[in-house]
**Q** 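Let me give you the structure first, and then I'll get to my questions.
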Amino acid sequence: PDLKVVTVAVQGNWMTPEVQMEAADKVATALSEADNTNSVAYERGAAEYRGRVSAKEVSLIDRLAQMNPAQINTICAFWQADFLKWAGFNVIATYMDAEALTPQVVKELVDQGKASGVSLIVDNLQSGAEAGKGLAEELDCERVTLSNFPGGYENTETWERAIDYNIELIMGALAH
């Protein structure tokens, strides 16, 4: 009966380390405001989490560097653009979901993809896991479907596991 709902407003893709760290701070602040007696514990927990996120970011950037992502031209679902930019990929264009991919939009994306030498299409699991399939076929390039949230795929119930899996999916697609 005493439940209080607090909305944590953070802009950007929640799979990026920067957004994770900002969200940790905002959650700790909200908890501290609701329960000032334990504010030190909330702040300590947020600091520990930021440290884990920062360490994960360093290790992932090292893994990604092996692929030279800046040289990989990508068209992706709008909801994956921030994540791919964080990962260093060259995002040429974005699309919303399957319903937004009208024949005219597909033609424009294919033309952009051909002109830019796109080699990767990235779909978003939560907004259309197959939306970019036709683009990938038309451009004769690899396609991968990433999740924007932990729990989207089996054994990805934490942010760390989800981001690791997204990177594995990308690396696997580009290994072909």
Side-chain angles (χ1 to χ4, degrees), residues 5-30 46 49-65 67 69-70 72-102 105-106 109 112-113 118-137 139 141-176:
V5 176
V6 176
T7 301
V8 177
V10 180
Q11 297 298 311
N13 184 306
W14 279 64
M15 289 306 296
T16 62
E18 176 182 287
V19 171
Q20 279 292 304
M21 289 188 270
E22 181 182 348
D25 288 338
K26 288 190 175 191
V27 168
T29 297
Y49 184 69
R50 282 193 316 272
R52 289 196 318 268
V53 170
S54 182
K56 175 61 73 178
E57 179 177 29
V58 169
S59 73
L60 291 175
I61 293 296
D62 286 345
R63 282 180 66 196
L64 287 162
M67 290 187 295
I72 300 171
N73 294 338
T74 306
I75 293 177
C76 65
F78 171 81
W79 303 109
Q80 290 296 336
D82 287 347
F83 177 74
L84 291 167
K85 289 175 185 174
W86 163 81
F89 289 87
N90 187 22
V91 176
I92 300 300
T94 64
Y95 52 90
M96 290 306 286
D97 52 24
E99 292 83 35
L101 288 172
T102 64
V105 170
V106 170
L109 289 170
Q112 284 180 295
V118 164
S119 58
L120 181 65
I121 302 295
V122 179
D123 281 323
N124 184 50
L125 181 65
Q126 288 79 16
S127 65
E130 300 286 321
K133 185 176 181 180
L135 287 172
E137 290 171 358
L139 292 169
C141 68
E142 296 299 324
R143 183 180 69 85
V144 66
T145 301
L146 305 181
S147 178
N148 250 355
F149 301 101
Y153 287 108
E154 189 175 328
N155 296 318
T156 63
E157 63 280 348
T158 65
W159 174 81
E160 293 92 335
R161 287 183 177 185
I163 196 169
D164 277 340
Y165 193 67
N166 279 348
I167 298 301
E168 287 175 28
L169 287 171
I170 293 169
M171 293 179 90
L174 294 173
H176 294 126

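None of these values were measured; they are calculated from a predicted model. Reckoned from all heavy atoms, side chains included, excluding hydrogens, waters and symmetry mates.
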**Q** Got K85 and N90 here, is their nearest side-chain heavy-atom distance under 4.5 Å?
**A** no
**Q** Please report the closest heavy-atom contact between V118 and L120, naming both atoms and the distance.
**A** CG1-O, 3.5 Å
**Q** Kindly indicate, with the supporting measurements, whether the criterion side chain to side chain contact (heavy atoms under 4.5 Å, CB included) is fulfilled by V122 and F83.
**A** CA-CA 11 Å; V122 179; F83 177 74; over 6 Å; no
**Q** Is it true that, when you exclude K56 itself, more than 12 heavy atoms of the residues, nucleotides or ligands shown sit nearer than 6.0 Å to its NZ?
**A** yes
**Q** So, taking the atom named CD1 in I75 and the one named CG in L135, what distance separates them when rounded to the nearest 0.5 Å?
**A** 6.0 Å
**Q** Does any non-hydrogen side-chain atom of W86 lie less than 4.5 Å from one of E57?
**A** yes
**Q** If I compare all heavy atoms of V144 with all of A173, which pair ends up nearest, and what's the gap?
**A** CB-CB, 4.2 Å
**Q** Just verifying a value: how many Å separate L125 CG and E130 CD, rounded to the nearest 0.5 Å?
**A** 10.0 Å
**Q** Can you measure from CD (Q20) to OG (S54) and round to the nearest 0.5 angstrom?
**A** 12.5 Å
**Q** Counting N and O atoms only, with roles assigned by atom type, does the side chain of K26 sit under 3.5 Å from a partner on the main chain of V10, one being a donor and the other an acceptor?
**A** no
**Q** Can you check whether L64 reaches F89 side chain to side chain, under 4.5 Å on heavy atoms?
**A** yes
**Q** Could you measure the distance from the CG atom of N13 to the CD atom of E18? Nearest 0.5 Å is fine.
**A** 11.0 Å
**Q** Let's go through W79 and D123 carefully: what are the C-alpha distance in whole Å and the side-chain angles of both, what is the deciding distance for side chain to side chain contact (heavy atoms under 4.5 Å, CB included) to 0.1 Å, and is it a yes or a no?
**A** CA-CA 9 Å; W79 303 109; D123 281 323; over 6 Å; no
**Q** Can R63 and D164 be said to form a side chain to side chain contact (heavy atoms under 4.5 Å, CB included), step by step?
**A** CA-CA 10 Å; R63 282 180 66 196; D164 277 340; 4.1 Å; yes
**Q** Short question: side chain of W14, backbone of N148 - any donor-acceptor pair under 3.5 Å?
**A** no
**Q** Just by distance, do the side chain of E142 and the backbone of I121 share a donor-acceptor pair under 3.5 Å?
**A** no
**Q** Do V91 and Q80 have side-chain heavy atoms sitting under 4.5 Å apart?
**A** no
**Q** Would you check if Y165 and S147 make a side-chain contact, meaning some heavy-atom pair closer than 4.5 Å?
**A** no
**Q** Looking at A131 and A98, what are the two nearest heavy atoms and their distance?
**A** CB-N, 3.8 Å
**Q** Just so I know, are the side chains of L84 and I170 near enough to count as touching, which here means a heavy-atom distance under 4.5 Å?
**A** yes
**Q** Taking all atoms of both residues into account, what is the closest heavy-atom pair of A93 and L109, and its distance?
**A** CB-CD2, 3.6 Å
**Q** Are the side chain of T156 and the backbone of P150 linked by a donor-acceptor contact shorter than 3.5 Å?
**A** no
**Q** Working to the nearest 0.5 Å, report the span between CZ of F149 and CE of M15.
**A** 9.5 Å
**Q** Could you pull out the closest heavy-atom pair between A46 and A28, with the gap in Å?
**A** CB-CB, 3.6 Å
**Q** Would you find a donor on one side and an acceptor on the other, under 3.5 Å apart, between the side chain of T74 and the backbone of C76?
**A** no
**Q** Search all heavy atoms of T94 against all heavy atoms of A81 and return the closest pair with its distance.
**A** CG2-CB, 3.8 Å
**Q** Between N124 and Y95, does a side chain to side chain donor-acceptor pair (under 3.5 Å) hold up when you go through it step by step?
**A** CA-CA 10 Å; N124 184 50; Y95 52 90; over 6 Å; no
**Q** Before accepting this row, confirm whether a basic side-chain N of the pair E168/R161 lies closer than 4.0 Å to the acidic partner's carboxylate O.
**A** no
**Q** Can you tell me how far apart CG (L146) and OH (Y153) are? Round to the nearest 0.5 Å.
**A** 7.0 Å
**Q** Are the side chains of I163 and L60 in touch, meaning some heavy atoms are under 4.5 Å apart?
**A** yes
